[in-house]
Asks: 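My questions will all concern the structure given below.
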Number of protein chains: 2
Amino acid sequence: MSSANMTIFRAYAQKSNPASLPPSVLFSHSETCLTVFDAFPKSIFHFLVIPRVRPPFNVYQLANLRSLLKCEKNCAKELLIDLSREANNVKKMIESEMFKKYGFKWEIWMGFHAIPSMEHLHLHVLSADLCSPRMKLKKHYNSFHPKRGFFIHLSDVLSWFDADPSYYKTTSQLKKSEYEPLLKEDLSCWKCDRNLSNMPKLKSHLQEEFDKLFDQEKAKVERERKRSDDLAQTSSSQISLNDDDSPQDELVRGSDEERGPHSEN
Amino acid sequence: MSSANMTIFRAYAQKSNPASLPPSVLFSHSETCLTVFDAFPKSIFHFLVIPRVRPPFNVYQLANLRSLLKCEKNCAKELLIDLSREANNVKKMIESEMFKKYGFKWEIWMGFHAIPSMEHLHLHVLSADLCSPRMKLKKHYNSFHPKRGFFIHLSDVLSWFDADPSYYKTTSQLKKSEYEPLLKEDLSCWKCDRNLSNMPKLKSHLQEEFDKLFDQEKAKVERERKRSDDLAQTSSSQISLNDDDSPQDELVRGSDEERGPHSEN
DNA sequence: TATTCCGATAGTGAC
DNA sequence: GTCACTATCGGAATGAG
């Protein structure tokens with residue numbers, strides 16, 4: 001039945017005034033798309049970017065990625081680029097929240113499920129942790145595993161447009177028979193590739209991975225603080241601008257670098 | 001491992017002094033067999049009759065029905081007849097308990113599981129209700145369903161001895177591949193053959209069947225009491241010998257008859 | 001077909 | 001590949017000198 005509202009996103013996408021949606025649902029909207037909170041987040045941060053129904057598309061063409069990719073190529077590409085623009089705004093917002101809540105930022109994924117079960121195209125924008133109480137089943141996890149194949153990264157979809165037309169034709173098929181089995185594959189950590197025999201063990205491991213990341217980033221902050229202190233001592237008349245309890249700016253500057261545990265540079 | 005004591009019955013059967021078994025385990029014993037309470041009764045009454053290890057049998061020949069039926073035919077038959085004798089004593093005891101606790105008696109089944117999981121031959125003697133909190137799984141139920149085939153009635157086994165030798169040879173094989181699938185068949189009421197989709201529904205239905213039986217038997221008692229009263233009134237100087245609150249004797253006399261709800265004969 | 005525990009699997013119903 | 005609920009199915013452990 002569709003009574004469990006498999007079409008709720010379509011209803012959102014058809015609203016002439018998205019602002020009337022409750023704030024617990026709607027995060028933001030533009031002329032062309034909506035961003036909503038995923039009602040069952042599978043990562044610490046998890047949003048959906050949804051195209052609003054508008055010319056030249058009808059609701060059926062916007063049903064899912066497969067139906068969109070059957071549309072005129074340039075139109076489809078334009079729509080995806082628009083979603084991409086909005087998704088990147090969401091990404092920035094998430095990164096800002098990461099800093100606020102955790103003091104560092106980590107990877108963010110943007111992509112589609114090959115075989116979505118809820119109708120109307122929706123682009124997942126979620127933090128790369130897959131740590132969430134709503135992550136319960138193998139199919140939940142495998143549907144977001146970044147290397148499993150079921151989760152199709154937005155950047156990959158965009159690259160199909162520039163590839164050989166025959167390749168475009170093939171990949172845009174998105175056959176159920178090819179993607180469905182991926183959800184039943186063995187559980188493996190998306191980060192270290194280790195195999196985990198069941199969901200409780202996987203979830204513990206993912207939490208450990210996140211805790212490890214957390215500790216590493218905290219150590220990074222600490223090293224930055226020390227370096228800052230040293231500089232302050234050297235130029236003794238100067239007070240460090242970062243001598244407070246908000247490490248954000250340290251991390252903004254340092255977060256793209258990889259350092260060994262005793263790196264000093 | 002056999003550490004989960006799949007061989008506990010063998011240990012009982014080898015005891016030189018069965019009386020040393022705790023009374024919660026042992027119901028009675030003779031020179032040749034023991035009767036124990038089934039630790040996980042699948043009916044209101046459920047006992048096991050177990051042959052003691054004695055010449056000409058060794059423990060391996062008494063492992064199960066299959067191994068017993070490979071022994072010399074007359075020996076095997078004698079052992080089964082001995083078990084049968086003891087089982088009939090148990091049956092009488094159960095019927096007495098039925099009267100004491102429920103005021104009427106109902107059918108009792110005696111038989112073997114085609115493929116037992118605990119070692120050492122054990123004859124199930126249980127009341128025909130299959131109402132018990134320990135009746136939990138489909139395989140539990142199907143293993144006692146009197147028409148499913150997995151539960152082999154003692155009378156059937158005894159009849160094999162008088163049948164054609166080739167029939168004896170065939171039936172006494174008790175191949176796992178033939179009997180195991182019976183446990184996975186759909187659930188159906190052993191009494192009315194109705195199909196039930198799952199164990200909770202089956203259990204409710206079995207309880208209803210038992211309640212119906214209970215009400216029918218109670219009504220039977222009531223009719224007997226009325227008839228008794230009428231007789232007392234007719235021969236007005238006489239007091240009914242059954243004018244008390246124990247309906248047992250009424251039922252002993254009337255229990256083999258079938259009457260319609262308004263039968264007066 | 002011993003039980004029990006744990007977890008995966010399957011069907012349903014949901015507004 | 002919606003969730004939540006119920007029940008089933010499937011493996012492993014089970015004790016113990």
Side-chain angles (χ1 to χ4, degrees), chain A residues 1-9 11 38-42 48 64-66 112-120 122 124 133-145 148-152 174-187 196-203, chain B residues 1-11 38-42 48 64-66 112-120 122 124 134-145 148-152 174-187 196-203:
Chain A
M1 303 298 164
S2 75
S3 60
N5 239 337
M6 313 284 268
T7 58
I8 188 75
F9 299 151
D38 190 299
F40 301 91
K42 302 303 191 296
L48 304 175
N64 49 56
L65 186 58
R66 189 162 171 266
F112 302 94
H113 279 157
I115 314 293
S117 118
M118 293 191 70
E119 291 185 44
H120 204 80
H122 49 286
H124 292 273
R134 315 315 284 258
M135 179 70 81
K136 295 176 178 176
L137 309 178
K138 176 186 276 195
K139 68 179 175 185
H140 289 161
Y141 180 71
N142 280 339
S143 76
F144 287 106
H145 192 300
R148 181 61 73 232
F150 192 93
F151 184 82
I152 303 178
L174 298 173
K175 285 188 195 161
K176 207 175 198 177
S177 58
E178 284 176 21
Y179 285 93
E180 220 162 28
L182 299 174
L183 297 174
K184 307 212 171 192
E185 290 194 1
D186 287 348
L187 297 170
L196 285 304
S197 59
N198 57 44
M199 284 299 291
K201 282 174 187 165
L202 172 74
K203 285 169 67 70
Chain B
M1 303 298 165
S2 74
S3 58
N5 240 338
M6 314 283 269
T7 58
I8 188 73
F9 299 151
R10 175 172 293 163
D38 190 297
F40 300 93
K42 301 305 190 296
L48 304 174
N64 50 56
L65 186 59
R66 188 162 172 268
F112 302 95
H113 280 156
I115 313 293
S117 120
M118 292 190 73
E119 292 186 44
H120 204 78
H122 49 286
H124 292 272
R134 314 316 285 259
M135 178 70 81
K136 294 176 179 175
L137 309 178
K138 177 186 276 195
K139 68 179 177 186
H140 289 161
Y141 181 71
N142 281 339
S143 75
F144 287 105
H145 192 300
R148 181 62 72 233
F150 193 92
F151 185 81
I152 302 178
L174 297 172
K175 284 188 194 159
K176 207 176 197 174
S177 58
E178 283 176 23
Y179 285 94
E180 219 162 29
L182 299 174
L183 297 173
K184 306 211 172 192
E185 290 195 1
D186 286 348
L187 297 170
L196 285 304
S197 60
N198 57 43
M199 284 298 291
K201 282 174 187 164
L202 173 75
K203 285 168 69 68

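Every chain is numbered from 1, with letters handed out A, B, ... down the list of sequences. Keep in mind it's a predicted model, so treat the numbers as computed, not measured.
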Asks: The criterion is ring-ring contact (aromatic ring centres under 6.0 Å, His included); which residues satisfy it with B:Phe9, sequence neighbours excluded?
Replies: B:His122

Asks: With sequence neighbours left out, write down each residue that passes ring-ring contact (aromatic ring centres under 6.0 Å, His included) with B:Phe150, or none if nothing qualifies.
Replies: B:His113

Asks: In chain order, what residues pass the side chain to side chain donor-acceptor pair (under 3.5 Å) check against B:His140, with sequence neighbours excluded?
Replies: none

Asks: At what distance, to the nearest 0.5 angstrom, does CD1 of B:Ile115 lie from CG of B:Leu183?
Replies: 9.0 Å

Asks: Between A:Tyr141 and A:Arg134, who's closer to the 5' end of DNA chain D by nearest nucleotide?
Replies: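 Result: A:Tyr141.
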
Asks: Under 4.0 Å between any heavy atoms, over every strand shown, what does A:Lys42 touch: base, sugar-phosphate, or nothing? Just pick one.
Replies: sugar-phosphate

Asks: Figure out the NE2/C1' separation between B:His140 and C:dT3, and round it to whole Å.
Replies: 7 Å

Asks: Where do N or O atoms of nucleotides 5-10 of chain C meet protein N or O atoms at under 3.5 Å, pair by pair?
Replies:
from	atom 1	to	atom 2	distance (Å)
C:dA8	OP1	A:Met199	N	2.7

Asks: Using the test side chain to side chain contact (heavy atoms under 4.5 Å, CB included), find all partners of A:Ile8 that sit at least two apart in sequence or belong to another chain.
Replies: A:Asn5, A:Tyr12, A:Met118

Asks: For A:Glu178, enumerate each residue passing the side chain to side chain donor-acceptor pair (under 3.5 Å) test, keeping only those at least two apart in sequence or located in another chain.
Replies: none

Asks: Send over the distance from B:Leu196 CG to D:dA7 C1', rounded to a whole Å.
Replies: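 It is 14 Å, rounded to the nearest whole Å.
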
Asks: Could you tell me which non-hydrogen atom of B:Gly149 sits nearest to which non-hydrogen atom of B:Tyr179, and how far apart they are?
Replies: O-CE2, 3.3 Å

Asks: Who pairs with B:Arg10 by side chain to side chain donor-acceptor pair (under 3.5 Å), at least two apart in sequence or on another chain?
Replies: B:Glu119

Asks: Can you tell me, in whole Å, how much space there is between the P of D:dG17 and that of C:dT3?
Replies: 24 Å

Asks: Using salt bridge (charged side-chain N to carboxylate O under 4.0 Å, His left out) as the criterion, list what pairs up with A:Arg148, not counting sequence neighbours.
Replies: A:Glu185

Asks: Taking atom CG of B:Leu187 and atom CG of B:Asn142, what is their separation to the nearest 0.5 Å?
Replies: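 CG of B:Asn142 is found 6.0 Å from CG of B:Leu187.
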
Asks: Between P on D:dC3 and CZ on A:Phe40, what's the gap in Å once rounded to a whole number?
Replies: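 The distance from CZ of A:Phe40 to P of D:dC3 comes to 6 Å, rounded to the nearest Å.
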
Asks: Which ones in residues 175-183 of chain A lie close to DNA chain C, meaning a heavy atom under 4.0 Å from one of its atoms?
Replies: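 The answer is none.
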
Asks: Whole angstrom is fine here: how far is it from CE in A:Met118 over to P in C:dC15?
Replies: 14 Å

Asks: What is the distance, to the nearest angstrom, from the NZ atom on B:Lys139 to the C1' atom on D:dA7?
Replies: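 Result: 15 Å.
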
Asks: Rounding to a whole Å, what distance do you find between B:Asn5:CG and D:dA16:C1'?
Replies: 10 Å

Asks: For DNA chain C, what is the dot-bracket line, given that a base pair needs Watson-Crick (N1 to N3, plus N6-O4 or O6-N4) or G-U wobble (N1-O2 and O6-N3) geometry with both distances under 3.5 Å, and | means paired with another strand?
Replies: .|||||||||||||.

Asks: Take atom NZ of B:Lys201 and atom P of C:dG11, then tell me their distance rounded to the nearest Å.
Replies: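 After rounding, the gap between these two atoms is 14 Å.
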
Asks: Going by the rule side chain to side chain contact (heavy atoms under 4.5 Å, CB included), which residues pair with A:Leu196 if we only count those two or more places apart in sequence or in a different chain?
Replies: A:Cys189, A:Arg194, A:Lys201, A:Leu202, A:His205

